Every structure is written in structure tokens, then in C-alpha cells.
Amino acid sequence: ILTNIEKDDLNISFDYILGQSGWVSEPSWDQENIVFETAASTSESVSAAVVTLSFPDGWGEKLETALRITRSGTNGSFGEITGFADVRALATEKGYAVEDDVVIEGMIISNCDSPNMELNPSVEYNVVDTEENARTAYVQSLDGSYGFRMKFDRAEDNVLMSGSQMKISLKGAVITKELDPERYTISSLESANMIGGLYGQPVPQKTKTISSLTQEDVYTYVTLEDTEFVNKNGSYTNVREDYALPSAFNQSTVVVPMDGW
């Protein structure tokens, strides 16, 4: 930790969110480090804890950062890895709530700091949900065969970057199937569902033509070959601004609302 905050002003708290509790020791200070130990598991089930470091700033606002720890069961396992095809089979159009220790391992192909992950929809005439994009991430199977869209409850829980090979617990999540095209969304996710992974991994390359795309390619990373986009009326946008802003084409006193940002 590099900070000018006095140690006495820093508060450290523990929250056990899954499985056993009491397995993280009270922290101690070692120069610029906060040190704590984790006890060995005595259960076959996975346990998870959140260590939160917080302090009030000069305006009285509470600032905090969290370290999330997942501990394996006595057998060293973080849960049985389930294939993407098997998880797709669980999905329903109304949404299937996962209650068991279902874990998937896949490659993140989205970036949490990109504004192009999802449409931010209008929720009222002149109000747009600007966090829908930030709550959305995409993960595909390690071989690139299938992909899932992931929806976090809170935008700040989505810190996923492309090239992260993640193990993700689906316990407590909801898997929904949509049709035309067939696609699958995992929602009700929190940061605690992210068990851990390897970072900076190469994303598998999958090259196709538009005519060879199938529904199984939805939410996967695909490079399109022999493809060009022709934009007859200028830069690519999801609305013709002539009709959304007062102009020679739109002389109405009411501006046409956009479908989102």
C-alpha cells in the first residue's frame, strides 16, 4: 500500500460470503504491506471472503477497495468445471437460478473500460441507463465454440479484461436463453462469482466469413474476412442525427429521442 493516510485512519473489515468463516487472520502491518494469513480448509466446500480497506476522505466520503479471496475445499478443488454446452442446457427462457456449485472456465473477450460492450437503453423519454454497458462482459469457452453474455448487478464489480482466463462460479446466478438468434445470458453476477484466473492470455483466433456465421458464434470473438462496411451517409451511428437534432430535415419543435447511448 502506498498512501499518505495514517494507519489509524484505515479500517480493515472481513466479510465471509461463502462457506466457512473465521479462516482469515487479523491483519498486521509490515512496512508498506498489510499482512494476513489464511487457515487450511476443513470442508470439502469452497469458501470465499472479502477483505475491505476503507477510510474517510477530507469531505467525509467513505472510500474503499476490496480484496476477494476464494479458498478451495480440502481436496484442492474450487468446484467441478462444467462445460459451456452443459450450462447452455440448463438455461430457460424465464431464467434458471443456479443453486449448485457450478463452475465454468473460459476466456474473457470483453474490456470493462470499453464503451462498446452493450447498448445503454432508454428507460424514460429522456433518461438513459448509462451503466448497462459497464455491467456487461463476455466470456467464451477456451476453444471458442460457445460464448455467454454476463450481466453484473453492479457496474463496479465488472473489472474483467480481454485475455483473462477465468474460473467463474455460477452459484446464485441466473441463466437465460433467448431465441432468434439463440443466445445465452448469465445474470445476477457479483465480484464474488469470479474465483480467479490467469491474466494476459492470448484469445483464440476464429476467422469466418459472414455467410459461415452460426448462432453458436454469438458472444464469441470472431474475425470477419473478406468483409467491408459501406456507410452511404457518413460515419456509422445507431441513429440518423438529421432526425434527432433540429435541422433542415427536422424542423419540429420536439427532438426525436434516440434509442440509447
Side-chain angles (χ1 to χ4, degrees), residues 1-57 60-82 86-87 90 96-106 108 112 134-135 137 139 148 150-161 164-175 186-200:
I1 288 183
L2 300 177
T3 179
N4 61 355
I5 305 298
E6 297 292 334
K7 288 192 292 185
D8 291 342
D9 292 332
L10 294 173
N11 178 62
I12 302 174
S13 61
F14 298 88
D15 184 19
Y16 295 94
I17 58 178
L18 181 66
Q20 294 181 319
S21 61
W23 46 275
V24 182
S25 69
E26 288 296 321
S28 60
W29 290 85
D30 176 15
Q31 295 180 348
E32 295 178 342
N33 301 303
I34 296 176
V35 181
F36 54 86
E37 296 181 353
T38 58
S41 176
T42 60
S43 170
E44 294 183 358
S45 300
V46 173
S47 298
V50 177
V51 182
T52 303
L53 175 68
S54 63
F55 68 93
D57 65 12
E61 180 182 355
K62 181 181 179 180
L63 303 180
E64 63 181 30
T65 185
L67 172 66
R68 293 160 178 87
I69 309 169
T70 304
R71 184 183 67 166
S72 70
T74 52
N75 58 0
S77 172
F78 288 96
E80 183 177 354
I81 302 297
T82 303
D86 293 331
V87 173
L90 296 174
Y96 172 79
V98 180
E99 298 180 355
D100 299 325
D101 289 323
V102 177
V103 178
I104 61 173
E105 184 173 18
I108 303 300
C112 61
R135 287 192 293 264
V139 61
F148 292 120
M150 298 192 295
K151 294 284 188 181
F152 288 84
D153 288 339
R154 304 190 310 164
E156 53 265 37
D157 284 346
N158 176 21
V159 295
L160 299 176
M161 297 297 292
S164 303
Q165 184 175 324
M166 296 293 297
K167 289 183 179 179
I168 303 170
S169 170
L170 302 187
K171 190 170 185 177
V174 176
I175 310 171
I186 302 173
S187 58
S188 298
L189 288 170
E190 301 176 348
S191 58
N193 292 100
M194 305 298 110
I195 295 177
L198 302 173
Y199 305 97

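Residues take their numbers from the sequence shown, with the count starting at 1. Keep in mind that what you see is a predicted model, and the values were worked out from it rather than measured.
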Decide yes or no on side-chain contact (heavy atoms from CB on, under 4.5 Å) for I12 and F36, but give the supporting numbers first. CA-CA 11 Å; I12 302 174; F36 54 86; over 6 Å; no
What distance separates [X] [atom1] from [Y] [atom2], expressed to the nearest 0.5 Å?
| X | Y | atom1 | atom2 | result |
| --- | --- | --- | --- | --- |
| D157 | L189 | CG | CG | 9.5 Å |
| L10 | S54 | CG | OG | 8.0 Å |
| Y96 | L170 | OH | CG | 10.5 Å |
| I195 | S169 | CD1 | OG | 5.0 Å |
| S21 | F14 | OG | CZ | 12.5 Å |
| S164 | M194 | OG | CE | 11.0 Å |

Any side-chain heavy-atom pair from [X] and [Y] closer than 4.5 angstrom?
| X | Y | result |
| --- | --- | --- |
| I175 | V98 | yes |
| F55 | D8 | no |
| T65 | T52 | no |
| V87 | F148 | yes |
| N193 | F152 | no |
| M150 | I168 | yes |
| E61 | L63 | yes |
| P56 | K62 | no |

Work out which heavy atom in [X] is nearest to a heavy atom in [Y]; give both atom names and the distance.
| X | Y | answer |
| --- | --- | --- |
| M166 | I108 | CG-CG1, 3.6 Å |
| Y16 | G22 | CZ-N, 3.1 Å |
| N158 | R135 | ND2-C, 4.1 Å |
| S72 | S41 | O-CB, 3.3 Å |

If the condition is side-chain hydrogen bond (donor to acceptor under 3.5 Å, both in side chains), which residues does [X] pass it with, not counting sequence neighbours?
| X | value |
| --- | --- |
| E190 | none |
| E156 | R154 |
| T82 | none |

I would like to know whether I104 and I186 meet side-chain contact (heavy atoms from CB on, under 4.5 Å); could you show each step before the answer? CA-CA 11 Å; I104 61 173; I186 302 173; 4.3 Å; yes
Please say whether more than 12 non-hydrogen atoms of neighbouring residues, nucleotides or ligands are located less than 6.0 Å from CD in E64.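 More than 12 within 6.0 Å, yes.
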Run S47 and W23 through side-chain contact (heavy atoms from CB on, under 4.5 Å) and show every step you take. CA-CA 9 Å; S47 298; W23 46 275; 3.7 Å; yes
